[in-house]
There are 2 protein chains.
Amino acid sequence: MKRLTGRNDSTDQAADDERRAGARPFADSLARLKEVGLRPTRQRLALAKLLFDAGDHHITAEQLHAAARSAGVKVSLATVYNTLHQFKDVGILREVVVEPGRSYFDTNVRPHHHFFHEGRGHLTDIPDEAVALTRLPDPPEGAEISRVDVIIRVNDRA
Amino acid sequence: MKRLTGRNDSTDQAADDERRAGARPFADSLARLKEVGLRPTRQRLALAKLLFDAGDHHITAEQLHAAARSAGVKVSLATVYNTLHQFKDVGILREVVVEPGRSYFDTNVRPHHHFFHEGRGHLTDIPDEAVALTRLPDPPEGAEISRVDVIIRVNDRA
DNA sequence: AACCAGTTTAAAATCTTTCTAAACTGTGAC
DNA sequence: GTCACAGTTTAGAAAGATTTTAAACTGGTT
């Protein structure tokens, strides 16, 4: 059996978090964090699992914080914000802004677009191929295009 | 000559505001407000002038409030917010959300798209014809498209 | 085992936006 | 003109999301 020393040391805690987050092989998130040069802390590992082991989805900081909490992961809201921004900065997460006063984070960083249901306040992915942008303007002098977002706003049919 | 009674009654004040806002014929904004069924108050007239007599532009609530102030128009920030939303609701203004935590209001309500300079935090219009969207997905079951936004994010060239 | 740069955290602070309740003002009736 | 009242405005409080701060903690090394 494993160690019998004091319970709840950081390694055990990480393993617990993993189980709680409904995880896949430990190595995935760990490797992912190492790849992007972020120290694989207990909190980052747990958040990475919640984010990347559940398929493509869109989530706010508050929602992720709540998800972590209810998965039994102890992490502060500030850390959730820090982590989301770090993940975005290293390119494993994408920020989507469609509503005033709230940011969504998208675990799908492949090229694609979005439906935004204004009534429900809810995002859905649109595969890149479903949209054809056959003409685009030249960027302003001295600037270059970093991304083209197509947001299709929808509402319930009258 | 005009009245010699107490200075600064509401009519005189409105005329002052108009002059201060660098205005065109009084009738324009007045007619516009009547058309959309908003009572033409001193504050709404002044804000309408600042918004619509300066050509197409993008402005935040804070910026409009500052502009009003420095034009000598006395108006509270709450009224600026109220007015922007009322103007949006009646369709003479459009809200553009591209940055977390801040809304821009666009005086151009004709179909068009936007460049957003991420470094400078600055919006520019793209004429509708400069973008060709030749394929779009069907909206989700039961929903209908209300608008398609194309946002081209740019940055200074490396 | 000690060290330290990187992390996490609770709490405070910030920023934008909305709400509240009271005072004010267009507008139509008389 | 003057009244009355619904619609407006306002200062200040409140809310909501996000960021900052300063101190405690921890992963990775030596």
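Owing to the predicted nature of the structure, the values given are computational and were not obtained by experimental measurement. Here is how names work: the chains are called A, B, and so on, in the same order as the sequence lines, proteins then strands, and each is numbered from 1.
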Between [N] atom [atom2] and [X] atom [atom1], what is the distance in whole Å?
X: B:Lys74; N: C:dT25; atom1: NZ; atom2: C1'; answer: 15 Å
X: A:Lys34; N: D:dG28; atom1: NZ; atom2: P; answer: 7 Å
X: B:Gln63; N: C:dT16; atom1: CD; atom2: P; answer: 10 Å
X: A:Leu64; N: D:dA17; atom1: CG; atom2: P; answer: 15 Å
X: B:Arg42; N: C:dG26; atom1: CZ; atom2: P; answer: 8 Å
X: A:Leu45; N: C:dT7; atom1: CG; atom2: P; answer: 12 Å

Regarding A:Thr60, tell me which of base, sugar-phosphate or nothing describes its non-hydrogen contacts under 4.0 Å with the strands shown.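 Contact class for A:Thr60: none.
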
Looking at [X], I'd like to know whether one of its side-chain N or O atoms comes within less than 4.0 Å of OP1 or OP2 on [N].
X: B:Gln43; N: C:dC24; value: no
X: A:Arg44; N: C:dT7; value: yes
X: B:Thr41; N: D:dG7; value: no
X: B:Arg102; N: C:dT16; value: yes

Hey, could you give me each pair passing ring-ring contact (aromatic ring centres under 6.0 Å, His included) that has a residue in residues 114-158 of chain B? Not counting sequence neighbours. B:His58-B:His114, B:His112-B:His114

Looking only at side-chain atoms of [X], point me to the closest of [options].
X: A:Glu62; options: D:dT10, C:dT17, D:dA17; result: D:dA17
X: B:Arg39; options: D:dT18, D:dT10, C:dT25; result: C:dT25
X: B:Ala78; options: D:dG28, C:dA11, C:dC19; result: C:dC19

A:Lys88 with A:Asp106: basic N within carboxylate O range, under 4.0 Å: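 A salt bridge is absent here (no side-chain N lies under 4.0 Å from a carboxylate O).
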
With salt bridge (Lys or Arg N to Asp or Glu O under 4.0 Å) as the test, would you mind laying out the steps for A:Asp149 and B:Arg153 before giving the verdict? CA-CA 8 Å; A:Asp149 287 340; B:Arg153 295 173 180 275; 2.8 Å; yes

What residues 80-94 of chain B contributes to the DNA chain C interface at heavy-atom separation below 4.0 Å is B:Tyr81, B:His85

Looking at B:Phe52, I'd like to know if the NZ or CZ of B:Arg32 sits under 6.0 Å from its six-membered ring centre while staying within 45 degrees of the ring's axis. yes

Can you work out whether B:Ser76 or A:Phe105 has the more 5'-proximal nearest nucleotide on DNA chain D?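 First, find each residue's nearest nucleotide; the 5'-ward one identifies B:Ser76.
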
Along DNA chain D (nearest heavy atom to each residue), the more 5'-positioned of B:Leu77 and B:Leu38: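 Looking at DNA chain D, the more 5' nearest nucleotide goes with B:Leu38.
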
Comparing B:Gly101 and B:Pro40 on DNA chain C - which has the more 5′ nearest nucleotide: B:Gly101

Which heavy atom of B:Ala130 sits nearest to which heavy atom of B:Ile126, and what is that distance? CB-CG2, 3.8 Å

Among side-chain atoms of B:Tyr104 and B:Glu99, is any donor-acceptor pair under 3.5 angstrom?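 Side chains of B:Tyr104 and B:Glu99: pair found under 3.5 Å.
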
Do B:Glu118 and A:Ser146 get their side chains close enough for a donor-acceptor pair, meaning under 3.5 Å? yes

